[in-house]
Amino acid sequence: MAISYMDFTLPNVQFSFDVNNSTYIKKDNQNYINVLSVNELNTLGNASLLDIYLSRGNVIEPHIHQNASEIVYCISGAADVSLINPFTKKLLQYSIKPGQVVNVPQGWWHYEMATADNTHLLAIFDAPIPQFIGASDMLRLTPPEVFAHTYCLDKAKVQEALAPIKGSIVIGPPAHCSRQEAAPSSVTSAHNQPPGEASYSQEQEQIQPFDWHQLMLEQQKRLMQQQQEMFEQKHQGTPYFDADASPQPEEARHGGPARLPVIGNGWDFFGNLF
């Protein structure tokens, strides 16, 4: 989507970025995720991506992206991409190799497991910042008694089973998990793993959970402030955009042809927040 809020003549406009310098989470040197959003590259518009590296048996935990659809593209290695169709109530699984993709609609429950070492996936989103809600957060933050009562389970067993989940996992199994079972290679084997106790040592180099909505607001404010500063310099102290004033055409302020509004790209609700 075109980004009408951006003045492409400004010196702060970014057209390139090294995603290797933007690590979202790192489990180890073979399992990590880099992120590219509008916070890293301000000309992106309605797009973003996660650059995912996994070794065999490692999983991007079950999760949803509440604000975006996702295309999972396999660059190297191999992976199983699984998702639940909320309309048919069926679990779908797709094994992909280089050049193959899986589309995950917005808000659908899904996860990805590497079935080969040196797996490299590219997750592409139709949103400026991909929001993420992981199962580990829902499991650890929901009181065990709620699960026990809702599903008629033994509270003590639920509490014991979930106690090792101390933080957001994102890439599982956690480092030094004591369970050494073979990674499931199909839906059938995944549902028939032998029981066992897990003992986790949380050693993932993990960034604090993002407040995605706040990041979007801050990005908009930064863009507005940068553009106002540039126009103040260009027009000798006369601001082009006043966040506290009603928008006026450029022609009315500077006597020239009207310009595109600073804020756009379908994010009109931002105009009511400043």
Side-chain angles (χ1 to χ4, degrees), residues 24-27 31-33 35 37 48 50 52 54 57-70 72 80-93 104-114 123 125 127 129-179 181 183-184 187 189-217:
Y24 164 53
I25 188 169
K26 183 176 181 180
K27 176 180 176 180
N31 297 277
Y32 58 94
I33 304 173
V35 61
S37 72
S48 53
L50 295 177
I52 303 169
L54 298 171
N58 279 267
V59 185
I60 304 300
E61 70 167 324
H63 63 281
I64 65 169
H65 303 290
Q66 65 271 36
N67 71 328
S69 299
E70 174 185 3
V72 183
D80 287 344
V81 181
S82 302
L83 58 154
I84 292 178
N85 185 325
F87 300 100
T88 65
K89 302 297 190 293
K90 291 183 178 181
L91 175 64
L92 308 175
Q93 184 182 57
V104 181
Q106 180 176 340
W108 283 29
W109 190 251
H110 65 287
Y111 50 95
E112 298 92 2
M113 179 186 298
F125 304 90
I129 300 175
Q131 297 176 353
F132 179 99
I133 298 177
S136 57
D137 288 336
M138 290 190 288
L139 291 172
R140 70 187 177 88
L141 297 175
T142 302
E145 56 267 24
V146 173
F147 287 124
H149 176 75
T150 303
Y151 305 113
C152 193
L153 304 173
D154 185 302
K155 177 185 173 182
K157 291 182 178 179
V158 173
Q159 191 167 12
E160 180 182 5
L162 299 181
I165 307 177
K166 302 298 185 182
S168 302
I169 301 300
V170 185
I171 302 177
H176 302 295
C177 170
S178 64
R179 296 180 63 173
E181 301 168 7
V187 173
S189 61
H191 283 287
N192 290 281
Q193 287 296 307
E197 297 299 326
S199 176
Y200 301 144
S201 174
Q202 196 75 355
E203 294 185 0
Q204 297 190 92
E205 300 174 20
Q206 190 167 329
I207 296 175
Q208 292 298 315
F210 287 134
D211 184 340
W212 297 104
H213 182 67
Q214 185 62 33
L215 284 175
M216 293 175 71
L217 294 180

[atom2] on [Y] to [atom1] on [X], rounded to 0.5 Å:
X: Glu145; Y: Thr150; atom1: CD; atom2: OG1; result: 10.0 Å
X: Leu54; Y: Ile33; atom1: CG; atom2: CD1; result: 7.0 Å
X: Leu162; Y: Glu160; atom1: CG; atom2: CD; result: 10.0 Å
X: Asn31; Y: Ile25; atom1: CG; atom2: CD1; result: 10.5 Å
X: Thr142; Y: Asp137; atom1: OG1; atom2: CG; result: 9.5 Å
X: His110; Y: Ile60; atom1: NE2; atom2: CD1; result: 9.5 Å

For [X] and [Y], indicate whether the former's side chain and the latter's backbone hold a donor-acceptor pair under 3.5 Å.
X: Ser37; Y: Ser48; answer: no
X: Lys157; Y: Ala148; answer: no
X: Asp80; Y: Gln93; answer: no
X: Glu70; Y: His65; answer: no
X: Gln106; Y: Gln66; answer: yes

Locate the shortest heavy-atom distance separating [X] from [Y]; write the atom from each residue and the value.
X: Pro173; Y: Gly57; value: CD-O, 3.9 Å
X: Gln131; Y: Asn67; value: N-OD1, 2.9 Å
X: Pro86; Y: Ile84; value: CD-O, 3.2 Å
X: Leu50; Y: Phe125; value: CG-CE1, 3.7 Å

Is there a side-chain contact between [X] and [Y], using heavy atoms and a 4.5 Å cut-off?
X: Ile133; Y: His63; answer: no
X: Pro143; Y: Lys155; answer: no
X: Trp108; Y: Asn85; answer: yes
X: Arg140; Y: Ser168; answer: yes
X: Val170; Y: Tyr24; answer: yes
X: Tyr151; Y: Val158; answer: no

